[in-house]
Number of protein chains: 2
Amino acid sequence: MHRGLRRDALRNQQRILAAAREVFGEYGADAAMEEIASRAGVGVGTVYRRFASKDALIDELLRLALSDLLADADLALARTDGFGLHELLGAFGRSFGEHARYANLLLQRQPDAAAELAIRAAITELTRRAVAAGTVSQDITVADVTALASALRGLIHGGGEVTARTWQRFLDLHLAGMGSPPARR
Amino acid sequence: MHRGLRRDALRNQQRILAAAREVFGEYGADAAMEEIASRAGVGVGTVYRRFASKDALIDELLRLALSDLLADADLALARTDGFGLHELLGAFGRSFGEHARYANLLLQRQPDAAAELAIRAAITELTRRAVAAGTVSQDITVADVTALASALRGLIHGGGEVTARTWQRFLDLHLAGMGSPPARR
DNA sequence: GCGGTAGCGGAATCGTCATTCCGCTTACGG
DNA sequence: CCGTAAGCGGAATGACGATTCCGCTACCGC
């Protein structure tokens with residue numbers, strides 16, 4: 001008996017995920033499963049053996065993306081200098097940029113509740129620390145930070161190409177407005 | 001002969017537009033024409049007599065929204081105190097909020113080129129004036145402003161409900177980061 | 001009121017997918 | 001090497017939804 005998938009099946013699974021990112025990035029939710037399959041070099045049947053449905057495939061992409069983000073959140077929480085919040089926001093920017101092409105798709109489904117909760121908790125804790133350390137103004141709240149995160153997402157996933165330099169500049173300006181010292185980061 | 005539409009036809013057209021806003025807001029691009037028709041109290045045939053296709057219907061919604069925004073841009077350009085830029089950004093927020101439910105749909109098509117050009121021109125001119133008047137820092141560029149507009153859009157159209165208070169607070173914080181005097185508006 | 005045309009409704013048509021099914025292949029433990 | 005179950009491909013099925021078509025209706029000008 002096997003423990004996991006046969007080697008070829010595992011390879012195909014990876015190819016399918018990569019093709020799905022590509023195709024969803026190009027066509028959004030309207031992407032056809034046939035297109036994903038052919039782009040991955042397999043038949044549709046193979047896609048369906050691995051992922052129960054189109055929705056399940058999208059959910060898996062979301063799960064993978066959130067998993068990366070959670071790792072970043074842990075890194076930010078490890079900092080003790082009051083700039084963990086700044087780091088987390090930077091991680092958001094990076095993640096949004098990475099998944100930019102198909103991100104709008106992911107955002108339309110409710111994420112894994114546990115992951116979302118963990119991220120919210122990280123934001124709350126890091127905001128508390130930043131206020132305490134004086135790395136943002138006293139009057140900054142969690143709501144301000146989530147609004148910023150949401151706006152950052154909108155900026156990056158919005159219309160055209162947004163370079164890292166663009167969103168970093170945006171983030172810097174906003175953090176300045178939040179009372180962050182110039183020597184942040 | 002008639003100059004325009006028959007009175008009942010005109011009424012139906014308005015109902016269709018209203019229903020379309022409603023239904024597109026609920027289901028996004030996947031909204032069914034049948035649903036729009038029944039919500040408007042007419043048959044699908046009637047919808048198609050007025051709008052050549054689903055795309056044409058969406059385009060008309062976009063055209064109407066842009067038309068409002070252009071009027072706001074003109075108002076902002078009429079100011080001479082250097083705060084026209086602030087006013088335009090506020091108008092963006094208002095407009096985004098107004099069309100929030102179905103806005104994502106509109107944003108996925110390329111807007112009327114002329115309207116887009118006019119808005120870009122207004123942003124450019126108002127940014128120039130704001131820098132000259134010192135109502136934002138010297139180093140603020142048009143790119144910074146368009147990024148802010150894009151982010152504002154993302155904030156409002158993103159996930160859940162965003163009240164006017166929320167996006168105004170966001171805008172204030174960002175403008176502060178841009179060096180706007182506290183007594184803005 | 002009347003005639004005629006602009007309008008109307010909604011069944012029928014045509015395509016486009018998601019998903020299923022099953023006979024054929026291939027990896028791999030022994 | 002072999003047997004066999006895991007995998008595979010892709011045609012077939014079923015829904016759904018945009019768009020068309022045409023016989024019927026109700027405004028509008030006179």
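Heavy atoms only: backbone and side chains are in, while hydrogens, waters and symmetry mates are out. Residue numbers start from 1 in every chain, and the chains themselves are labelled A, B, ... in the order their sequence lines are given, proteins ahead of strands.
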*Salt-bridged, B/R109 to B/D59, with N to O below 4.0 Å?*
yes
*Of the listed nucleotides C/dG7, D/dT19, D/dA6, the one nearest the side chain of B/E34*: D/dT19
*Return no unless some side-chain N or O of B/R49 is found under 4.0 Å from OP1 or OP2 of C/dC8.*
yes
*Heavy atoms under 4.0 Å, any strand shown: does B/A31 hit a base, just sugar-phosphate, or nothing?*
sugar-phosphate
*Close residues, residues 18-25 of chain B, relative to DNA chain D [heavy-atom separation under 4.0 Å]*: none
*Should the heavy atoms of other residues, nucleotides or ligands under 6.0 Å from CZ of B/R120 be counted, would the total exceed 12?*
no
*Once you round it to whole Å, what is the distance between P of C/dC17 and CG of A/L57?*
16 Å
*Quick one: is D/dC8 close enough that its OP1 or OP2 comes under 4.0 Å of any side-chain N or O from A/N12?*
yes
_A/R7 CZ - D/dC8 P separation (whole Å)_ = 14 Å
*Whole-Å distance separating the CD1 atom of B/I36 from the C1' atom of D/dT19*: 14 Å
*Aromatic ring pairing B/H157/B/F96, orientation class (parallel under 30°, perpendicular over 60°, tilted between)*: perpendicular
*How would you label the contact of B/R50 with the nucleic acid (heavy atoms, under 4.0 Å): base, sugar-phosphate, or nothing?*
sugar-phosphate
*A/A31 versus A/K54, closest heavy-atom pair with distance*: O-NZ, 2.8 Å
*Which nucleotide, D/dA18, D/dA11, C/dG7, lies nearest any side-chain atom of A/V44?*
D/dA11
*Whole-Å gap separating C1' (D/dG9) and CD1 (A/I16)*: 12 Å
*Can you tell me the distance, in whole Å, between the CG atom of A/L10 and the P atom of D/dG7?*
10 Å
*Between atom OH in A/Y27 and atom P in C/dT16, what is the gap in whole Å?*
14 Å
*The side chain of B/T46 lies closest to which of these nucleotides: D/dT19, C/dC8, D/dG10?*
C/dC8
_Under-4.0 Å salt bridge between A/R129 and A/E125_ = yes
